Trainee: 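Take this structure first; my questions come after.
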Amino acid sequence: MASSVEKMIASTFMEIAQGLETGSFGKRPKIALTGMGSEHGEENSMAAAIEAAKDGIDVYYIGTLEAEGVTTIKVADDEEGHKKMEEMLKNGEIDGAVTMHFPFPIGVSTVGRCVTPATAKEMFIANTTGTSSTDRIEGMIKNAIYGIIAAKACGKKNATVGILNVDGARQTEKALKQLQENGYDITFAESGRADGGCVMRGNDVLQASPDIMVTDSLTGNILVKMLSSFTTGGSFEATGFGYGPGIGEGYEQLVMIVSRASGAPVIANAIRYAGQLVRGKVFEVAKKEFAAANKAGLKEILNAHKNVAKTTEVEEVKEPPKEVVTAQIPGIEVMDLEDAVKTLWKINVYAESGMGCTGPIVLVSDANLLKAEEELKKAGYIN
């Protein structure tokens, strides 16, 4: 019987052999892909899994198809596939997952990654889906840190940060520069336009003037869609790496988002992106970045820049006993999300806020769904 030392040596040589073959050294990341639900058919998803598996990644395909080099986890439908994916993540059977929709909690949003048309340069877009905060400025400040985390985990140690010229850009710039003055290591990009500065124009999006483009998640989502499918008319996302991983302080579940319109090349790149994050120890990077940002006064800066204008006085509402919440109520404006939750608490219905693939959601138990919808309609939060 082989000794533990002999087994370790054999494992090391196997990793070296695989590294020489694929160009990727170290432990092989285990990444799951939920393959059902694509607008281009399940075959599109499996084609992506096969390609990514050639690059030193153990790909677990959750669906109905099988292929050499890929481990298939058989499921009947998309819903069962998502349950299986979450179970595998929870049990540590996989290091991460790529999927087409996922309800991230408030405070967590995804860092997309694209290839820009003017220079074929890669650019991280912070952020593309999910909500870092229900306050716009606070969310964009956090997005900058989330983008830095993703870039560092992918090997970009001094990635430059630019802020897209959307509502809140100047306030975000002021807050990030204050963070920099307090000792947080952040390198600002320069716009390619004549007047320069770290606030980016549309031209800078096409040219990838920054390594990380900071924006709100709805704008970021549109940017990824346009940059990934501008050559195909929009129905097939052909380039880039998708909408990226959900990142947030204290959040340690690697879930990568792609679109139902994502083609095999994008899905394959999303799996590779996940593999890079695993090898780059993204959660260790996140802990270090949040610690450094908090030391530089991040929380104080966020509190100072929150939108404090309230149309009505905030009423103290007691939270009901917690329940398992699986039913989703969509269609609520993100700025009204927390108020909608408290409206349900007032009638003793336990609810939580979250972010689904189509936008903000309120989560309640299946038993309370109809009652909650009726109350939210009465209060004017949904139609």
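Fair warning: this is a prediction, and the values are worked out from it, not measured in the lab. The figures here come from the full heavy-atom set of this structure, side chains too, leaving out hydrogens, waters and symmetry mates.
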Trainee: Has H82 got a side-chain atom pairing as donor or acceptor with T99's backbone, closer than 3.5 angstrom?
Mentor: no

Trainee: Check K74 with E66, please: is the shortest side-chain N to carboxylate O separation under 4.0 Å?
Mentor: yes

Trainee: Is a side-chain donor or acceptor of N143 paired with a backbone partner of T215 at a separation under 3.5 angstrom?
Mentor: yes

Trainee: May I ask you to decide if the ring planes of F241 and Y273 are parallel, tilted or perpendicular, using 30° and 60° as cut-offs?
Mentor: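 Because their plane-to-plane angle is over 60°, the rings of F241 and Y273 count as perpendicular.
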
Trainee: Just wondering, are more than 12 heavy atoms of other shown residues or ligands nearer than 6.0 Å to CE in M88?
Mentor: yes

Trainee: Is K322 paired with E319 through a side-chain N to carboxylate O contact shorter than 4.0 Å?
Mentor: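 The answer is yes: the pair qualifies as a salt bridge.
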
Trainee: Check each of T160, I148, I212 against I186 using the side chain to side chain contact (heavy atoms under 4.5 Å, CB included) test, and report the only one that passes.
Mentor: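 Among T160, I148, I212, the one meeting side chain to side chain contact (heavy atoms under 4.5 Å, CB included) with I186 is I148.
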
Trainee: Can we say E252 and K287 salt-bridge, meaning some charged N sits less than 4.0 Å from an Asp/Glu carboxylate O?
Mentor: yes

Trainee: Does any N or O in the side chain of S217 come within less than 3.5 Å of the main-chain N or O of T128, such that one atom is a donor and the other an acceptor?
Mentor: no

Trainee: Are S132 and S109 close enough, and set up right, to give a side-chain hydrogen bond (donor to acceptor under 3.5 Å, both in side chains), and what steps lead you there?
Mentor: CA-CA 5 Å; S132 302; S109 58; 2.6 Å; yes

Trainee: If you count heavy atoms of other groups shown closer than 6.0 angstrom to NZ of K295, is the number above 12?
Mentor: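 Not buried by this count: 12 neighbours or fewer within 6.0 Å.
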
Trainee: Between Y350 and W345, how do the two ring planes meet: parallel, tilted or perpendicular, split at 30° and 60°?
Mentor: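 Parallel.
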
Trainee: Does this structure show an ion pair linking K342 with E338, if we count only N-O contacts that are shorter than 4.0 Å?
Mentor: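 A salt bridge is absent here (no side-chain N lies under 4.0 Å from a carboxylate O).
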
Trainee: Please tell me if the side chains of I332 and L376 come closer than 4.5 Å, counting only heavy atoms from C-beta onward.
Mentor: yes

Trainee: Applying the salt bridge (Lys or Arg N to Asp or Glu O under 4.0 Å) test to K83, which of E86, E79, E87 qualifies?
Mentor: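 The single option meeting the salt bridge (Lys or Arg N to Asp or Glu O under 4.0 Å) with K83 is E79.
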
Trainee: Between L89 and I62, is there a shared hydrophobic cluster once you connect ILVMFWY residues whose side-chain heavy atoms come closer than 4.5 Å?
Mentor: yes

Trainee: Salt bridge or not between D195 and R201? Use side-chain N to carboxylate O under 4.0 Å.
Mentor: yes

Trainee: Assess whether a salt bridge exists between D216 and R136, defined as any Lys/Arg side-chain N lying under 4.0 Å from an Asp/Glu carboxylate O.
Mentor: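 A salt bridge links D216 with R136.
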
Trainee: May I ask you to establish whether K30 and Y60 are in a cation-pi arrangement, using a distance under 6.0 Å from NZ or CZ to the six-membered ring centre and at most 45° from the ring axis?
Mentor: no

Trainee: Going by atom types only, do Y243 and E237 share a side-chain donor-acceptor pair under 3.5 Å?
Mentor: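 Result is yes, a qualifying pair exists.
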
Trainee: Show, in sequence, the C-alpha distance, side-chain angles and deciding distance for V362 and L337, and conclude whether the side chain to side chain contact (heavy atoms under 4.5 Å, CB included) test is met.
Mentor: CA-CA 7 Å; V362 166; L337 200 53; 3.9 Å; yes

Trainee: Who are the side chain to side chain contact (heavy atoms under 4.5 Å, CB included) partners of A175, not counting sequence neighbours?
Mentor: I141, I301, H305

Trainee: Are I145 and Y184 packed together at the side-chain level, in the sense that at least one heavy-atom pair is separated by less than 4.5 angstrom?
Mentor: yes

